[in-house]
Amino acid sequence: MNNLFSLDSKQHIERHARRRLLGLFSVLLFLNAFAPAALAGAQLVRFQVVQQSNLMLHLDFDRPIENVNVFALSNPHRLVIDLAYAELNTTLALDASRGMMLDIRHGFHGDQKLRIAVDLSMAAKPSHEVITRQGGQRLIIDTGIVLEATQAPSQATPVEQVAILAGGFRDVIVAIDAGHGGKDGGATGQRNTLEKDITLAVAKRLHERLNAQEGISAILTRNKDEYIALRERIRIARDQHADIFVSVHADAFKRKAAAGSSVYALSLKGASSEAAQWLAENENNVDALFGEVQLDGLSVDLKQTLLDLAQSSTLEASLDMGAEVLDQLKQVGPVHKPDVEQANFAVLRSPDIPSVLVEIAFISNLLEEKKLNDARFQDALAIAIQNGIVRFLNRRAPLGTRLAAARQKSSG
């Protein structure tokens with residue numbers, strides 16, 4: 001009996017031990033399955049110093065990043081960037097810093113944290129935000145170091161340089177484009193609401209609100225029910241010396257349940273989603289039907305090459321502005337996608353004007369069609385877009401404008 005009891009006890013203990021090991025193994029598998037994607041290590045693939053009215057840094061990653069911390073130190077002045085679970089896959093250079101950034105170093109700090117330290121010639125007041133881009137994310141760091149007019153010549157025309165040095169400043173010009181119009185009715189709702197009517201109503205409300213904002217002058221590409229070709233809309237904005245361009249549309253999709261606001265910037269390579277591609281093709285086909293205005297007779301290849309070369313910095317600003325507008329629209333109602341989408345819209349192809357296309361809601365959705373006809377909802381949308389534009393301009397208004405001068409004064 002004693003031997004049998006001992007054998008049973010031993011087998012019981014072994015079975016219990018196996019169960020505990022299996023349980024522990026299962027827990028480890030569970031935790032591994034839900035580990036954050038950042039643990040895989042986002043690659044820092046590009047580091048760039050950008051001169052705007054403030055000295056900026058752009059850090060491009062090949063995937064989403066988490067736990068970003070940016071702060072300044074003194075004695076001596078330094079800017080520190082901490083990035084959890086990130087890996088360096090590019091060269092860190094300060095060629096464009098004009099002496100304000102003295103040196104740059106990097107290393108790992110603590111537990112899997114990439115730390116980048118920049119030695120500065122003056123104190124910084126940094127702020128940052130992360131913008132989703134196709135194939136990854138961009139970390140935009142505003143050092144808070146204000147550039148004088150002579151330090152950032154590429155950001156102001158000769159006329160603006162004289163105005164800055166003379167102490168004269170102008171308003172920021174915002175071009176508001178009400179989508180469609182005239183023979184192009186745009187999308188039609190299930191209750192026969194025409195997109196062209198809704199976009200004009202919201203555009204006019206936005207126009208009125210922005211013109212009431214100190215330091216901003218708004219213009220409309222159309223203020224009545226008329227057809228204007230997509231390229232002509234860009235030309236109107238350029239003729240009025242627009243600093244930014246906002247095109248207002250009401251979304252439509254073959255799936256009637258699709259709902260929410262969306263914000264788009266230009267994509268030079270392709271749409272960021274099936275819906276973005278479908279929408280861009282439908283918007284661009286308007287000019288194929290009604291006649292597109294050609295750009296100065298240039299060949300298609302040459303036009304595209306020039307656009308690709310000129311548009312990289314403009315596209316970054318467009319994504320930045322789009323992110324601000326989208327954040328404000330989230331306070332009005334649901335959004336269709338949480339980040340700024342990208343698609344090859346013809347109306348956004350201005351190489352030197354930051355441009356976004358705002359789909360205020362889905363007119364193809366019966367409930368949203370009803371809301372789009374409500375004056376209160378139209379006003380809420382206009383306020384959200386206005387707030388997003390103002391937040392963007394408070395950080396990145398062009399040199400020579402009253403808003404840029406106010407920002408420089410507040411920065412000391």
Side-chain angles (χ1 to χ4, degrees), residues 129-134 174-180 186-191 193-207 209-210 244-267 271-280 282-283 318-343 345 347-348 354-392:
E129 66 176 316
V130 176
I131 292 178
T132 299
R133 300 168 58 86
Q134 282 186 287
V174 179
I176 306 167
D177 173 53
H180 307 282
T188 303
Q190 297 183 50
R191 294 183 176 177
T193 302
L194 295 179
E195 181 182 0
K196 67 174 183 177
D197 297 330
I198 298 299
T199 60
L200 184 59
V202 174
K204 285 182 174 180
R205 292 174 185 273
L206 178 59
H207 176 260
R209 288 187 167 278
L210 284 175
I244 62 176
F245 180 93
V246 180
S247 189
V248 179
H249 289 251
D251 218 337
F253 197 50
K254 50 194 173 185
R255 185 168 59 86
K256 301 301 183 185
S261 302
S262 304
V263 179
Y264 293 84
L266 182 67
S267 168
S272 53
S273 72
E274 177 191 358
Q277 181 63 40
W278 183 86
L279 183 62
N282 280 271
E283 297 289 357
S318 301
L319 289 165
D320 189 0
M321 176 169 61
E324 293 285 11
V325 171
L326 187 61
D327 282 345
Q328 296 300 310
L329 287 169
K330 289 175 182 177
Q331 301 179 32
V332 177
V335 294
H336 187 58
K337 289 289 182 69
D339 301 306
V340 178
E341 292 273 282
Q342 291 181 259
F345 289 102
V347 76
L348 299 181
S355 307
V356 295
L357 186 146
V358 183
E359 298 283 0
I360 51 180
F362 276 82
I363 200 170
S364 53
N365 180 297
L366 190 59
L367 293 177
E368 293 204 337
E369 179 187 6
K370 181 179 180 181
K371 290 169 64 177
L372 285 170
N373 283 289
D374 187 331
R376 293 170 299 180
F377 185 63
Q378 292 177 4
D379 207 40
L381 291 168
I383 292 171
I385 299 171
Q386 172 199 9
N387 289 341
I389 291 171
V390 170
R391 286 174 63 89
F392 169 77

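Numbering of residues begins at 1 and proceeds along the displayed sequence. Predicted, not measured: the structure shown is a model, and the values here were computed from it.
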Exercise. In this structure, are over 12 heavy atoms from other groups packed under 6.0 Å from Lys330 atom NZ?
Worked result: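 Enclosed.
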Reported [atom1]-to-[atom2] distance for the pair [X] and [Y], which is rounded to 0.5 angstrom:
X      : Y      : atom1 : atom2 : answer
Leu357 : His249 : CG    : NE2   : 4.0 Å
Tyr264 : Leu326 : OH    : CG    : 10.5 Å
Lys371 : Phe377 : NZ    : CZ    : 4.0 Å
Ile244 : Leu210 : CD1   : CG    : 7.5 Å

For this session: With sequence neighbours left out, write down each residue that passes side chain to side chain donor-acceptor pair (under 3.5 Å) with Gln328, or none if nothing qualifies.
Result: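 Partners of Gln328 by the side chain to side chain donor-acceptor pair (under 3.5 Å) criterion come out as none, since no residue qualifies.
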Exercise. With Glu129, which residues qualify under side chain to side chain donor-acceptor pair (under 3.5 Å), at least two apart?
Worked result: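 For Glu129 the side chain to side chain donor-acceptor pair (under 3.5 Å) partners, ignoring immediate neighbours, are Arg395.
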Exercise. Can you name the nearest heavy-atom pair linking Val325 to Ile389, along with the distance?
Worked result: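 Smallest interatomic distance, heavy atoms only, reads CG2-N, 4.1 Å.
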For this session: Indicate the atoms forming the closest heavy-atom contact of Val340 with Gly322, along with that distance.
Result: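 Smallest heavy-atom distance, with atoms named: CG2-C, 3.4 Å.
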Side-chain contact, heavy-atom cut-off 4.5 Å: [X] with [Y]?
X      : Y      : result
Arg205 : Gln386 : no
Ser262 : Asp251 : yes
Leu329 : Val358 : yes
Asp379 : Arg209 : yes
Val202 : Leu372 : no
Glu369 : Leu366 : yes
Ile198 : Gln378 : yes
Ile363 : Thr188 : no

Under the 3.5 angstrom rule, does the side chain of [X] hit a backbone N or O of [Y] as a donor-acceptor pair?
X      : Y      : answer
Glu368 : Ala259 : no
Ser318 : Ser355 : yes
Asp177 : Gly179 : no

Problem set entry | Which residues share a salt bridge (charged side-chain N to carboxylate O under 4.0 Å, His left out) with Arg191, sequence neighbours left out |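 Once residues adjacent in sequence are excluded, Arg191 has no partner under the salt bridge (charged side-chain N to carboxylate O under 4.0 Å, His left out) criterion.
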